[in-house]
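Heads up: the structure comes next, in structure tokens.
Chain letters run A, B, ... following the sequence lines, proteins first, then strands; residues in each count from 1.
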Amino acid sequence: MRYWLMKSEPDEFGIEDLRNRPDRTEPWDGVRNYQARNFMRDEMSVGDRAFFYHSNCKEPGIVGIMTISRAGYPDDTAFDPEDKHYDPKSDPEKPRWYRVDVTFERTLDRCISLAELKQHAQALEGLHLLRRGNRLSVMPVSADHWRYILSLE
DNA sequence: GCCAACGTTGGC
DNA sequence: GCCAACGTTGGC
């Protein structure tokens, strides 16, 4: 079982949106970055857990926990010309982009903000989120970092 | 294969 | 809204 962190802009899709979905489950689609795709396509398994991170908002940070409820499968929003994340280079015969399904587990008691995480840079050394210029929206979190971050809650 | 131009991400 | 950092594109 592995741990992850996945970013979403709360104005687009936040933790409360996930909670309100049928079965509290939603495909994590629209990711158009190869490194993030590879994690979803190749390395995520059902039962893995992930931090839900709110990005590009007033208080960026970790706000909840979700579980991976379906392993990597083609992201067919890439095939839809009407879709915001349409990619004409993704061929249904050979999909370029993948997604997983995620299921709401719980919200944290409070947002563990990016600013707070930065104050623990030493204990969280290597956490991708804290690396300079980080833009990756799906990233692994070590078991040690996972536990440490939850201990801040 | 290099690299400048461009578009996007995301914190502030 | 600004802008630094980054990934992608495309000319050569």
Side-chain angles (χ1 to χ4, degrees), chain A residues 2-21 26-44 48-68 71-102 104-142 144-146 148-153:
Chain A
R2 297 188 63 183
Y3 299 99
W4 306 92
L5 182 147
M6 300 167 85
K7 296 179 185 173
S8 182
E9 303 188 14
D11 289 348
E12 298 286 328
F13 186 80
I15 185 79
E16 293 304 325
D17 296 306
L18 179 60
R19 190 214 290 269
N20 292 330
R21 281 293 188 273
E26 181 77 357
W28 200 270
D29 53 29
V31 173
R32 298 291 180 265
N33 169 279
Y34 288 105
Q35 204 178 348
R37 176 208 66 184
N38 291 347
F39 286 135
M40 292 199 291
R41 187 189 62 186
D42 305 331
E43 300 198 41
M44 282 189 181
D48 285 1
R49 300 170 79 205
F51 286 132
F52 196 125
Y53 179 92
H54 280 174
S55 67
N56 204 9
C57 58
K58 191 172 177 187
E59 189 185 28
I62 296 167
V63 293
I65 296 175
M66 49 197 173
T67 57
I68 307 304
Y73 65 105
D75 179 353
D76 63 15
T77 65
F79 310 140
D80 177 6
E82 302 297 312
D83 194 278
K84 182 180 174 185
H85 302 288
Y86 175 59
D87 180 359
K89 293 178 194 156
S90 186
D91 176 355
E93 297 298 311
K94 200 166 182 259
R96 174 177 294 202
W97 304 114
Y98 281 71
R99 56 185 165 182
V100 297
D101 286 355
V102 297
F104 177 89
E105 182 176 315
R106 69 177 179 92
T107 55
L108 298 191
D109 295 339
R110 62 186 185 87
C111 173
I112 300 177
S113 69
L114 178 63
E116 181 175 354
L117 292 169
K118 283 179 175 171
Q119 293 171 4
H120 299 269
Q122 199 154 20
L124 296 174
E125 188 176 5
L127 183 66
H128 202 105
L129 187 71
L130 300 184
R131 288 185 204 162
R132 196 176 73 107
N134 155 64
R135 283 170 51 188
L136 195 59
S137 68
V138 175
M139 68 187 74
V141 176
S142 74
D144 283 348
H145 286 166
W146 179 274
Y148 185 86
I149 291 167
L150 281 181
S151 78
L152 301 175
E153 184 184 11

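- Applying ring-ring contact (aromatic ring centres under 6.0 Å, His included) to A/Trp4 and the options A/Phe52, A/Trp28, A/Phe39 leaves one that passes, A/Phe39.
- Note: CZ (A/Arg131) to C1' (B/dT9) measures 17 Å, nearest angstrom.
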Requested in this report: Report the C-alpha distance between A/Arg96 and A/Asp75 in whole Å, list the side-chain angles of each, state the deciding distance to 0.1 Å, and finish with yes or no for salt bridge (Lys or Arg N to Asp or Glu O under 4.0 Å).
Outcome: CA-CA 8 Å; A/Arg96 174 177 294 202; A/Asp75 179 353; over 6 Å; no
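- If you take CG of A/Asp87 and P of B/dT8, they are 13 Å apart, rounded to a whole angstrom.
- Computed from coordinates, the A/Lys58 NZ to C/dG1 P distance equals 17 Å when rounded to whole Å.
- Straight-line distance from the NE2 atom of A/His128 to the C1' atom of C/dG7: 12 Å, rounded to whole Å.
- In terms of position on DNA chain C, the residue among A/Asn56 and A/Gln35 whose nearest nucleotide sits closer to the 5' end is A/Asn56.
- Distance OH (A/Tyr34) to P (C/dT9): 6 Å, rounded to an integer number of Å.
- For A/Arg132, taking side-chain heavy atoms from C-beta onward, the closest of the listed nucleotides C/dT8, B/dG11, C/dA5 is C/dA5.
- With contacts defined as side-chain heavy-atom distances shorter than 4.5 Å, the pair A/Val63/A/Ile112 does not qualify.
- Distance CG (A/Asn134) to C1' (B/dG11): 11 Å, rounded to an integer number of Å.
- In this structure, A/Tyr53 reaches the B/dG11 phosphate: one of its side-chain N or O atoms is under 4.0 Å from OP1 or OP2.
- The side chain of A/Lys118 has B/dG11 as its nearest neighbour among C/dA5, B/dG11, B/dG10.
- Look at CG on A/Leu129: it is 17 Å from P on C/dA5, rounded to the nearest Å.
- For the residue pair A/Ser142/A/Arg2, the side-chain donor-acceptor check at 3.5 Å is not satisfied.
- Listed nucleotides: C/dA5, C/dT9, B/dG10. Nearest to the side chain of A/Lys89: C/dT9.
- A salt bridge between A/Glu153 and A/Arg106 is present, with a side-chain N of the basic residue lying under 4.0 Å from a carboxylate O of the acidic one.
- Distance from the side chain of A/Asn33 is smallest for C/dG7 among the nucleotides C/dA5, C/dG7, B/dG11.
- The phosphate of B/dG10 has OP1 or OP2 within less than 4.0 Å of a side-chain N or O from A/Lys7.
- At whole-Å resolution of the value, CE in A/Met139 and P in C/dG7 are 12 Å apart.
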